[in-house]
Amino acid sequence: MKRSCFIIVLFVSFLLWAGGVQARITLPSFFSDGMVLQQQSSVAIWGNSDRKQQKVTVKTSWNNKKYTVTTDESGSWKVKVETPVYGGPYHIEVNDGETVRINDVLIGEVWLCSGQSNMDMRVGGRYSDPVMGSLDAIVTSGNPEIRMFTVASKMTSEPLTDCKGEWQEASSETVPEFSAAGYFFARKLNQVLGIPVGIIHASYGGSRVEAWMSKEGVAPYKDLPDVHNASILYNGMLSPVVGYGIRGCLWYQGEANVDAPDLYTQLFPSLVSDWRKQWGIGEFPFYYAQIAPFNYNKGEGKGKNSAYLREAQVKCLHLIPSSDVVVLTDVGDDRTIHPMEKETVGNRFAYLALGRTYGKKGFPATGPLYKSMQTEGNKIILSFDEMGKGLTTYRQPLNGFEVAGEDRVFHPAHARFGKDAQTVIVSSPEVEQPVAVRYAFKDYVKGCLYNMSGLPASSFRTDNW
């Protein structure tokens, strides 16, 4: 009996000793089965071991190459691996004495989408906000080459290193609860490029731009009265995925900042610069959606009319390298801040990426942008960039223009296209000597000016009054 007890104690002691020397490796939630890694790149993989100064080996099946790194004093480690041209599925083995295997890994194009509620709107709709065409999109969504990861909502005062979430293959069961704008973008990209697409979604309804900036990034602005809840969403939702290999970012936000359009032209470029610095992979493409017209019921003073925020977003084009804007003047709804046409949003994001990032030719990537004006007598001639083959209203009236003289009083204008629909000519019988023009510069308006490819013109003004 005593001998048996001694053997049992000895065996248990051995197991405890063995468990003590056996390191245990942990990986963030996004380094998991079904993940997508950015193709033809040097991408970071990181994690933790419960032992410091422990050798960790990462082996990638696409080239059977081993990458070795040693954990630091806290057990953390990070290594960069080289990825091939798109393909898969592959697997990755991470070993620090025990082996963790990540299966069903695709190599393709990876994008991050972020912002507030309009980016968070799901394909299946949410609350009282439906998405047009959702049923057909869901029924036809099965595609193993589209992988989606949603970062769970979280606000914190300090940066986190992990988040809740999992990679999901596009299907009728997973797509309804994914970002509609993000999914439609990924679907179009996959359709055109024929490449696997991974889309990471991190957004939060009602969030201001400063909530998504790191502590360092927002530091110059944190004491301004218009800055609220700085960094709490960066810490809780973005910090965990910072450094994951991406091609670029999609951003749909601004509704919560309509009260401070001038400040937005400082905060938003600072956010992009902040993210690019945190990622450390250069000036990756950053495409953003202009907020759609909506009746904010805040009057027409500067900083109240949401057209000033839309104007601020266009100004940011000249302040943010490798950026471009999706214009949505034609999809606004005066009854809700959440337009239903999310497929339109996602597709327009894709047109930008296909044209600007992937070099596809033969089409304008965005809608007409005001370029310049010329006064001829009682008329003003407006010129635009990004017209493609010319301008159109799709046979609807050319409305929404106003002109003003030196008295700065705006009057509704008569508008018509110039020769070959390359310009817009505006005038008003009430303004003999016009000096300024505005188009769709209202809180809510239904845009009617497009290029021939069907992409709308942004609201704009030629004055700075």
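Residue numbers run from 1 in the order of the sequence given. These numbers come from the heavy atoms of this one structure, side chains and all, not from hydrogens, waters or symmetry mates.
- Counting heavy atoms of neighbouring residues, nucleotides and ligands inside a 6.0 Å radius, atom CD of Gln40 exceeds 12 of them.
- The only option from Val325, Val326, Thr366, Leu250 that meets the side-chain contact (heavy atoms from CB on, under 4.5 Å) definition with Tyr287 turns out to be Leu250.
- Around OH of Tyr204, the count of heavy atoms belonging to other residues, nucleotides or ligands within 6.0 Å does not exceed 12.
- Distance alone, capped at 3.5 Å, places no donor-acceptor pair between the Thr156 side chain and the Leu233 backbone.
- Within 6.0 Å of NZ on Lys154 lie no more than 12 heavy atoms contributed by other residues, nucleotides or ligands.
- Centroid-to-centroid, the aromatic rings of His201 and Phe178 come within less than 6.0 Å.
- When atom types are taken as modelled, the side chain of Ser306 and the backbone of Leu309 share no donor-acceptor pair closer than 3.5 angstrom.
- Considering all non-hydrogen atoms of both residues, Ile138 and Ser141 come closest at O-OG, 2.7 Å.
- Partner of Tyr288 under the side-chain contact (heavy atoms from CB on, under 4.5 Å) criterion, chosen from Ser323, Cys249, Ser114: Ser323.
- No more than 12 heavy atoms of other residues, nucleotides or ligands sit less than 6.0 Å from atom CD of Glu173.
- Here Glu343 pairs with Arg187 in a salt bridge; the nearest charged N to carboxylate O distance falls below 4.0 Å.
- Atom-to-atom distance recorded for Asn305:CG and Tyr296:OH is 10.5 Å, nearest 0.5 angstrom.
- No donor-acceptor contact under 3.5 angstrom links the side chains of Asn229 and Glu210, judged on distance only.
- Here Trp77 pairs with nothing under the ring-ring contact (aromatic ring centres under 6.0 Å, His included) rule; sequence neighbours left out.
- Between Tyr244 and Trp167, the ring-plane angle classifies as tilted under the 30° and 60° cut-offs.
- The only member of Trp251, Tyr234, Phe268 that meets ring-ring contact (aromatic ring centres under 6.0 Å, His included) when paired with Trp275 is Trp251.
- A donor-acceptor pair under 3.5 Å links the side-chain atoms of Asp50 to the main chain of Arg24, judged by distance alone.
- In the model, Thr344 has no side-chain atom that pairs as donor or acceptor with a side-chain atom of Asn347 under 3.5 Å.
- Remark: the backbone N or O of Glu109 is not paired with any side-chain donor or acceptor of Gln39 at under 3.5 angstrom.
- Gln54 places no side-chain N or O within 3.5 Å of a backbone atom of Ser49 that could act as its donor or acceptor partner.
- Although no hydrogens or angles enter the test, the distance criterion places no donor-acceptor pair under 3.5 Å between the side chain of Gln290 and the main chain of Gln313.
- Side-chain contact between Val56 and Thr71 is present, with at least one heavy-atom pair separated by less than 4.5 Å.
- Asp33 and Arg147 are not joined by a salt bridge, as no carboxylate oxygen comes within less than 4.0 angstrom of a charged side-chain nitrogen.
- Listed for the Asp274 side chain is a donor-acceptor partner under 3.5 Å among the backbone atoms of Ser214.
- Trp62 contributes a side-chain N or O that, together with a main-chain N or O of Glu82, makes up a donor-acceptor pair within less than 3.5 Å.
- Between the side chain of Ser239 and the main chain of Gly236, no donor-acceptor pair closer than 3.5 Å is present.
- At most 12 non-hydrogen atoms from other residues, nucleotides or ligands lie less than 6.0 angstrom from OH of Tyr127.
- Without hydrogens or angle criteria, Thr83 side chain to Gln38 main chain gives a donor-acceptor distance under 3.5 Å.
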